[in-house]
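Notes follow the structure.
Every heavy atom of this structure was used, including side-chain atoms; hydrogens, water molecules and symmetry mates were not. Predicted model, so just to flag it, every value in this text is computed and none were measured. Residues: numbered from 1 along the sequence shown.
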Amino acid sequence: MTWWCSTTATPKLGPCRSDQDAPETPYTLFDMAEDTAGLIGALGLGRVHLLGYSMGGRIAQIVASRHPALVRSLACLMSSGGQAGVQASPQIREALGAARPAELLLAPDIDLFTCQAALFEGSTVVTPEAELRARITASVARCYCPLGSARQIRAIGAAGDRSELLRAITAPTLFIHGSDDPVVPVEAARAGAALIPGARIHVVEGMGHNLSAATAKAVLPPLLDFLN
């Protein structure tokens, strides 16, 4: 994802309007977790293998903690471990802060988004630029809602410290993380694995914070081994 492309499956409705009059955090990670649990129940899936990427890993942790009967196993991919205030590297924050939000509210900038996504790459597990551009173009075509990403970041911040929730997780848990992740430091994942009884962590050398074909080749073997 990029910080300015929606990661939800909302129908394409055009640019979002200002949310300055809306509650500061109208839809939290805890709300998202309850929606996830409700969907699992509505679909009659029983106990599931639950995997979450980045913010999704935080949501999956809440589901596993609050709804243990629904979660057969938990995998957290490129996600933090319950700490409040986990920040991307200074270089990432500076580059993203230099974006042009006023213009982006009116129209997407695929070149800018591709450059931003490239900043999330690792040193050896690298996504070709063409793949990044194609993924971002498809995301923007599906739904362009730049304020949605801002609300996602706000929801992460509002979740606060979730360490006690992680200590309550009973499902077998695996963290998979890149050694070069510039968005969520690998130390945050290590700390999360230390909180969950019996949890393991698999560190992929040279991987950053992007999902791609290259990432899949690095992530699938330890994930399938864990599930088996």
**Study point:** Nearest non-hydrogen partners of Val125 and Glu205, listed with the distance
**Key:** CG2-O, 3.9 Å
Check your understanding: Donor-acceptor pair, Thr114 side chain versus Ile110 backbone, under 3.5 Å?
Key -> yes
Practice item. Working to the nearest 0.5 Å, report the span between CG of Leu174 and NE2 of His49. Key: 12.5 Å
Review point. Cluster question for you: counting only ILVMFWY and a side-chain heavy-atom cut-off of under 4.5 Å, with indirect links fine, are Val126 and Ile136 together?
Key: no
Practice item. Work out which heavy atom in Ser79 is nearest to a heavy atom in Ala189; give both atom names and the distance. Key: O-CB, 3.7 Å
Revision key, fill the gap. For Cys76 and Gly57 the tightest heavy-atom approach is SG-O, 4.2 Å
Review point. Okay, side chain of Tyr27, backbone of Gln152: is any donor-acceptor separation there less than 3.5 Å?
Key: no
Revision key, fill the gap. Here the gap from Thr28 atom OG1 to Ile62 atom CD1, rounded to the nearest 0.5 Å, amounts to 7.0 Å
Review point. Is there side-chain contact between Ile196 and Leu166, with heavy atoms separated by less than 4.5 Å?
Key: yes
Review point. From Glu121 CD over to His209 NE2, what is the distance, rounded to the nearest 0.5 angstrom?
Key: 11.5 Å
**Study point:** Nearest heavy-atom neighbours spanning Val184 and His177
**Key:** O-NE2, 2.7 Å
**Study point:** From Arg151 atom CZ to Ile153 atom CD1, the distance as rounded to the nearest 0.5 Å
**Key:** 13.0 Å
Check your understanding: Between the main-chain N or O of Pro172 and the side-chain N or O of Ser73, is there a donor-acceptor pair closer than 3.5 Å?
Key -> no
**Study point:** Short side-chain to backbone donor-acceptor contact, Gln61 and Gly52, under 3.5 Å
**Key:** no
Check your understanding: Taking atom CD1 of Ile59 and atom CD of Glu34, what is their separation to the nearest 0.5 Å?
Key -> 11.5 Å
Point to revise | Flag, side chain of Glu131 to backbone of Ala213, donor-acceptor distance under 3.5 Å | key: yes
Exercise for review: Report yes or no: does Thr36 contribute a side-chain atom to a donor-acceptor pair with the main-chain N or O of Met32 at less than 3.5 Å?
Suggested key: yes
Review point. So, are Arg167 and Glu164 salt-bridged, with charged N and O less than 4.0 Å apart?
Key: yes
Point to revise | Test item: Ser179 and Val186 side chains (from C-beta on) under 4.5 Å apart, heavy atoms | key: no
Exercise for review: Tell me, yes or no, whether the heavy-atom count around Arg72 atom CZ, taken from other residues, nucleotides or ligands under 6.0 Å, exceeds 12.
Suggested key: no
Point to revise | Any residue meeting salt bridge (Lys or Arg N to Asp or Glu O under 4.0 Å) with Arg66, in chain and number order, not counting sequence neighbours | key: none
Review point. Side chains of Met207 and Val219: does their closest heavy-atom pair fall under 4.5 Å?
Key: yes
Exercise for review: Compute whether any side-chain donor of one residue and acceptor of the other, for Asp180 and Ser123, lie under 3.5 angstrom apart.
Suggested key: yes
**Study point:** Whether Tyr144 and Phe113 hold their rings parallel, tilted or perpendicular, with breakpoints at 30° and 60°
**Key:** tilted
Check your understanding: Do Leu51 and Val204 belong together in a cluster built from hydrophobic side chains that touch within less than 4.5 Å?
Key -> yes
Review point. Can you find a heavy atom in the side chain of Thr215 that is under 4.5 Å from one in the side chain of Tyr53?
Key: no
Review point. Are Leu132 and Val183 connected in the hydrophobic side-chain network, where two residues link if heavy atoms are under 4.5 Å apart?
Key: no
Check your understanding: Tell me, do Leu77 and Leu223 make a side-chain contact under 4.5 Å, heavy atoms counted?
Key -> no
Study note, to complete from the structure: Output for pair (Arg133 CZ, Thr127 OG1), nearest 0.5 Å, gives 14.0 Å
**Study point:** Heavy-atom closest contact (Leu119 atom, Pro182 atom, distance)
**Key:** O-CG, 3.6 Å
**Study point:** Shortest non-hydrogen contact between Arg58 and Arg162, atoms and distance
**Key:** CG-NH2, 3.4 Å
